[in-house]
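Both backbone and side-chain heavy atoms feed into the values below; hydrogens, waters and symmetry mates do not. One is the number of the first residue; the rest follow in order along the sequence.
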Amino acid sequence: QVQLVESGGGLVQAGGSLRLSCVASGMIFSINGMDWYRQAPGKQRKLVASISSGGSTTYADSVKGRFTISRDNAKNTVYLQMNSLKPEDTAAYYCNAPPNRAHKGYWGQGTQVTVSS
């Protein structure tokens, strides 16, 4: 039974920081790339950051230089460190194990991030 559980969301003032965590179970975590997406009300879910099984990272232009994705394979956890937060970062953030040869992909339940001005 594959499960992705996000945590770390909350309320923060503009300029502040949050660290999101996503703990995976029921899968071979170390061979999976992992993604963070976000979705604001009435908007499409969009990719924020990706990390490959080898540790290479990519970011959406809107968060580049402010957010850092990382992983700890020993803890089956992927992180999203969010610094210099802006009101436009307000969204539900979702952890994703993207589809690959072994599975069709999995989503976490989401964690809400709200940034006040």
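Considering all non-hydrogen atoms of both residues, Met27 and Ala97 come closest at CE-CB, 3.9 Å. Of all heavy-atom pairs between Leu4 and Gln109, the closest is O-OE1, 3.4 Å. The minimum heavy-atom distance linking Lys104 with Pro99 is given by the pair O-CG, 3.3 Å.
Annotation: disulfide bond (SG atoms under 2.5 Å apart) contacts involving residues 50-92, sequence neighbours excluded, are absent. Sequence neighbours left out, the pairs with a member in residues 11-39 that pass ring-ring contact (aromatic ring centres under 6.0 Å, His included) are Tyr37-Trp107. Sorted by first and then second residue, the ring-ring contact (aromatic ring centres under 6.0 Å, His included) pairs involving residues 54-105 (not counting sequence neighbours) are His103-Tyr106.
In this structure, CE on Met34 lies 12.0 Å from OG on Ser70, to the nearest 0.5 angstrom. Between the CZ atom in Arg71 and the CG atom in Asn32 there is a gap of 7.0 Å [rounded to 0.5 Å]. The CG atom of Leu47 sits 6.0 Å away from atom OG1 of Thr58, with the distance rounded to the nearest 0.5 Å.
Using a distance-only test at 3.5 Å, with no hydrogens or angles considered, a donor-acceptor pair links the side chain of Glu6 to the main chain of Cys95. Using modelled atom types, no side-chain atom of Arg45 and backbone atom of Ala92 make a donor-acceptor pair closer than 3.5 Å. Judged by distance alone, the side chain of Asn100 and the main-chain N or O of Ala102 form a donor-acceptor pair under 3.5 Å.
In the displayed structure, Lys43 atom NZ is contacted under 6.0 Å by at most 12 heavy atoms of other residues, nucleotides or ligands.
Counting heavy atoms from C-beta outward, Thr90 and Gln112 have side chains that approach closer than 4.5 Å. Two residues are said to be in side-chain contact when any heavy atoms from C-beta on lie closer than 4.5 Å; Val115 and Met82 fail this criterion.
For Ser30, the side chain to side chain contact (heavy atoms under 4.5 Å, CB included) partners at least two apart in sequence or on another chain are Ile28, Asn73. Residues passing the salt bridge (Lys or Arg N to Asp or Glu O under 4.0 Å) test with Asp35: none are found, sequence neighbours excluded.
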>> Would Arg38 and Val63 count as a side-chain contact (heavy atoms from CB on, under 4.5 Å) here? Give the steps.
In response: CA-CA 11 Å; Arg38 67 186 182 188; Val63 308; 3.8 Å; yes
Using distance only, find each side-chain donor-acceptor pair of residues 7-26 under 3.5 Å and give its atom names and separation, not counting sequence neighbours.
from	atom 1	to	atom 2	distance (Å)
Ser17	OG	Asn83	OD1	2.9

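The pair Asp89-Lys86 fails the salt-bridge criterion, with no side-chain N (NZ, NE, NH1 or NH2) lying under 4.0 Å from an Asp/Glu carboxylate O.
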